[in-house]
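Read the structure below first, then the notes.
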Protein chains: 2
Amino acid sequence: MGQKDQVKSLEKCVRILTCMADNRENMTLNEVTQKTGLKKTTIYRLLQALTSLQLVEKKTKTRQYLLGPKLIYFGVTALSNLDLHTISLPIMTKLKNETGETVNLSILKGSEIIILARIQSDHLFNVNLSVGSRLPVNCTSQGKTILAYIDEEKANWIMANLMFDKRTENTISSVSDLKRELERIRQNGYAVNNEELEKGLSAVAAPIFNHSDQVVAAINVSYSRARHPEPEMYERLSKKVIRASKEISRAIGYSG
Amino acid sequence: MGQKDQVKSLEKCVRILTCMADNRENMTLNEVTQKTGLKKTTIYRLLQALTSLQLVEKKTKTRQYLLGPKLIYFGVTALSNLDLHTISLPIMTKLKNETGETVNLSILKGSEIIILARIQSDHLFNVNLSVGSRLPVNCTSQGKTILAYIDEEKANWIMANLMFDKRTENTISSVSDLKRELERIRQNGYAVNNEELEKGLSAVAAPIFNHSDQVVAAINVSYSRARHPEPEMYERLSKKVIRASKEISRAIGYSG
DNA sequence: AATAAAATTCCATATTGCGGAATTTATTAA
DNA sequence: TTAATAAATTCCGCAATATGGAATTTTATT
């Protein structure tokens with residue numbers, strides 16, 4: 001063994017897969033080479049192996065690689081074993097029925113949130129998001145919520161590296177504004193998205209904590225401002241969202 | 001290189017992960033050893049490596065291993081890149097709105113189906129299933145649908161290895177009965193679940209084909225018999241389900 | 001407390017993975 | 001079309017890595 005039970009080739013594979021996942025788009029060998037910094041020959045060989053094991057898929061026409069079907073299998077299995085997920089689903093369904101609006105459960109990954117579960121409203125107008133979708137932390141209720149409760153050092157690091165692209169006129173686009181917003185969120189116990197991601201779209205989110213008092217996710221209710229322009233909606237929803245978030249937190253071991 | 005770009009340690013890791021995914025339950029080192037047939041020391045070392053890379057999680061109290069968070073990340077990313085998934089979602093939503101009932105998208109894995117996407121109805125009564133849930137082929141509309149359209153050899157192999165546990169009095173529990181049912185499905189173009197999985201639960205499913213005319217998935221509408229006991233419901237739903245399945249098939253390249 | 005079983009560590013050896021260089025294939029420019 | 005450039009793929013000897021039997025420690029069972 002080199003060191004402490006490392007498996008070099010596996011590490012490289014995970015580095016490649018992570019690179020591909022981070023990148024979202026299909027990637028060519030050269031792109032992976034540039035982004036990972038590994039030797040091209042090595043990557044080539046590992047990608048062949050990964051492909052034959054179905055962890056990666058290769059589009060022969062374009063010579064592009066993408067994450068493969070076996071990862072979907074592993075992933076959805078892991079997801080359905082995840083306490084957070086199984087516990088949240090019925091509570092999310094209840095929340096959706098109470099509010100009539102779309103409910104999401106998301107976790108933080110880098111400077112984005114990833115949707116792990118989503119219960120859509122029955123309104124025809126529905127945003128084109130789904131399990132696996134990612135959104136920037138600064139313009140989502142869930143992103144801001146998580147940011148407000150993770151440890152400050154990590155939050156600062158994320159904020160320092162944020163792109164802050166202005167999705168709408170309301171998008172928070174500076175670290176100082178965002179910090180002020182996080183302070184407000186901590187005071188209220190919930191976060192609001194006031195058309196900061198997309199015009200006409202609002203949401204209210206609350207944090208989910210684990211047994212050791214750390215945020216592990218956020219739950220939100222998202223709705224169209226066209227149907228509910230009144231600002232009182234935020235507070236009204238927040239009560240329900242917070243109740244749901246607490247229920248989930250407790251169920252996964254939070255005692256605070 | 002050993003042979004044609006194999007990476008032995010990676011292969012073993014995938015074998016371990018597959019074993020764990022197949023098993024559903026958390027596993028102990030010894031269990032993995034027995035099920036994979038690999039040497040215990042090797043598995044131990046690889047599990048350590050997998051754990052430190054977050055592909056696997058280790059419950060130190062019980063010394064059990066389970067699929068880790070990084071696999072969720074890879075999996076949901078792969079899922080959201082999957083044409084089948086992204087194309088299906090809006091069509092499933094439409095189908096749910098048309099019928100008012102829960103809509104599922106599933107693929108075949110071994111002798112089970114796995115739910116890849118699910119749009120729940122707003123009825124309070126909702127079955128406890130979610131993305132990643134697995135069900136036996138013989139007692140689900142989607143399982144039977146896929147079985148009816150995959151190549152016969154594979155279907156026979158699956159049927160030969162089926163457990164056929166009798167979930168209800170209606171559960172199909174012999175190969176010959178199942179074969180007769182598959183024939184009926186091929187004639188109708190859709191499959192029905194007549195309380196074969198759970199008393200009070202019915203569903204109607206139709207197959208989804210790809211560019212090379214192969215079934216890749218099935219879509220279904222599932223509902224409570226308490227609300228709709230009438231058998232005409234099957235045919236009524238089948239029209240809508242078939243329409244949706246064709247729409248998805250075409251969108252992913254089917255031309256038949 | 002004694003026994004059995006499972007988990008973990010150790011280490012010498014064979015095997016595997018590595019990556020530079022060469023070759024082939026695709027892409028772009030002329 | 002041809003030439004030039006860039007990317008993908010193959011080759012192979014060497015060094016580093018993974019292997020697994022045996023020993024040790026920890027945990028479960030009697």
Side-chain angles (χ1 to χ4, degrees), chain A residues 1-68 70-71 81, chain B residues 1-68 70:
Chain A
M1 233 346 65
Q3 293 271 80
K4 245 179 161 294
D5 282 343
Q6 288 169 3
V7 177
K8 302 283 187 176
S9 55
L10 180 67
E11 276 179 15
K12 286 180 186 132
C13 286
V14 170
R15 220 162 121 189
I16 292 171
L17 292 174
T18 304
C19 167
M20 290 173 67
D22 289 347
N23 197 71
R24 316 272 291 103
E25 308 291 329
N26 300 354
M27 292 182 90
T28 172
L29 173 61
N30 229 28
E31 289 166 345
V32 179
T33 307
Q34 281 159 9
K35 295 230 178 181
T36 59
L38 298 170
K39 297 290 170 192
K40 192 193 266 193
T41 313
T42 302
I43 297 174
Y44 177 76
R45 185 169 36 79
L46 293 178
L47 277 173
Q48 293 307 103
L50 287 164
T51 302
S52 82
L53 291 168
Q54 314 241 54
L55 297 180
V56 160
E57 206 179 311
K58 186 178 187 172
K59 298 267 180 222
T60 27
K61 315 125 198 190
T62 59
R63 293 170 162 198
Q64 283 181 315
Y65 298 89
L66 61 152
L67 300 181
K70 188 153 272 169
L71 286 177
N81 286 343
Chain B
M1 238 338 71
Q3 292 271 80
K4 243 180 162 294
D5 283 342
Q6 289 168 3
V7 176
K8 303 281 187 175
S9 55
L10 180 67
E11 278 179 14
K12 285 177 186 138
C13 286
V14 170
R15 221 162 122 190
I16 292 171
L17 293 175
T18 304
C19 167
M20 291 173 66
D22 289 347
N23 196 72
R24 317 270 296 101
E25 309 290 328
N26 300 355
M27 293 182 89
T28 171
L29 173 62
N30 229 28
E31 289 166 346
V32 178
T33 307
Q34 282 159 8
K35 297 229 177 182
T36 58
L38 298 170
K39 297 290 171 192
K40 191 193 268 195
T41 313
T42 302
I43 297 174
Y44 177 76
R45 186 169 35 79
L46 293 178
L47 277 173
Q48 293 306 104
L50 287 164
T51 303
S52 81
L53 292 167
Q54 315 241 54
L55 297 180
V56 160
E57 205 179 313
K58 186 176 187 174
K59 297 267 180 221
T60 26
K61 314 125 198 192
T62 59
R63 291 169 162 200
Q64 282 181 317
Y65 298 90
L66 61 152
L67 300 181
K70 190 155 269 168

If the cut-off is 4.0 Å, is [X] near the phosphate of [N], judged by side-chain N/O to OP1 or OP2?
{"X": "A:Asn30", "N": "D:dA6", "answer": "no"}
{"X": "B:Arg45", "N": "D:dA18", "answer": "no"}
{"X": "B:Thr41", "N": "D:dT19", "answer": "no"}

Tell me: [atom1] of [X] to [atom2] of [N], nearest whole Å?
{"X": "B:Glu31", "N": "C:dA7", "atom1": "CD", "atom2": "C1'", "result": "13 Å"}
{"X": "B:Lys39", "N": "C:dT8", "atom1": "NZ", "atom2": "P", "result": "19 Å"}
{"X": "A:Gln48", "N": "D:dT10", "atom1": "CD", "atom2": "P", "result": "7 Å"}
{"X": "B:Glu11", "N": "C:dG17", "atom1": "CD", "atom2": "P", "result": "8 Å"}
{"X": "A:Ile43", "N": "C:dG19", "atom1": "CD1", "atom2": "C1'", "result": "12 Å"}
{"X": "A:Lys12", "N": "C:dC18", "atom1": "NZ", "atom2": "C1'", "result": "7 Å"}
{"X": "B:Tyr65", "N": "C:dT8", "atom1": "OH", "atom2": "C1'", "result": "9 Å"}
{"X": "B:Leu46", "N": "C:dT8", "atom1": "CG", "atom2": "C1'", "result": "15 Å"}

Legend entry - B:Leu29 backbone acceptor or donor facing B:Arg63 side chain under 3.5 Å: no

Of all the choices, [options], which nucleotide is nearest to the side chain of [X] once you look at every atom?
{"X": "A:Lys40", "options": "C:dC10, D:dA8, C:dG20", "value": "D:dA8"}
{"X": "B:Thr28", "options": "C:dC10, C:dA21, C:dA6", "value": "C:dA6"}
{"X": "B:Lys8", "options": "C:dT16, D:dC11, D:dT17", "value": "C:dT16"}

In Å and rounded to the nearest 0.5 Å, what is the [atom1] to [atom2] distance from [X] to [Y]?
{"X": "B:Lys12", "Y": "B:Cys19", "atom1": "NZ", "atom2": "SG", "result": "15.0 Å"}
{"X": "A:Glu57", "Y": "A:Gln64", "atom1": "CD", "atom2": "CD", "result": "12.0 Å"}
{"X": "A:Lys58", "Y": "A:Thr28", "atom1": "NZ", "atom2": "OG1", "result": "9.5 Å"}
{"X": "B:Leu46", "Y": "B:Lys39", "atom1": "CG", "atom2": "NZ", "result": "14.0 Å"}
{"X": "B:Thr36", "Y": "B:Arg15", "atom1": "OG1", "atom2": "CZ", "result": "6.0 Å"}
{"X": "A:Leu10", "Y": "B:Leu50", "atom1": "CG", "atom2": "CG", "result": "5.5 Å"}

Legend entry - Heavy-atom pair with the smallest gap, counting every atom of B:Leu55 and B:Leu17: O-CD2, 4.3 Å

Inset, instruction - Identify whether any heavy atom of A:Ser9 sits under 4.0 Å from a base atom; if not, whether one sits that close to sugar-phosphate; answer base, sugar-phosphate or nothing. - result: sugar-phosphate

Inset, instruction - Could you encode protein contacts along nucleotides 24-30 of chain D as a string, one character per nucleotide from 5' to 3', using B for base contact, S for sugar-phosphate-only contact and - for no contact, with a heavy-atom cut-off of under 4.0 Å? - result: --SS---

Inset, instruction - For the helix from C:dA1-D:dT30 to C:dA30-D:dT1, measure the angle between the helix axis at one end and the axis at the other, each built from five pairs, rounding to 10°. - result: 60°

Legend entry - Any donor-acceptor N or O pair under 3.5 Å, side chains B:Lys35, B:Asn23: yes

Inset, instruction - Using side-chain hydrogen bond (donor to acceptor under 3.5 Å, both in side chains) as the criterion, list what pairs up with B:Thr60, not counting sequence neighbours. - result: none

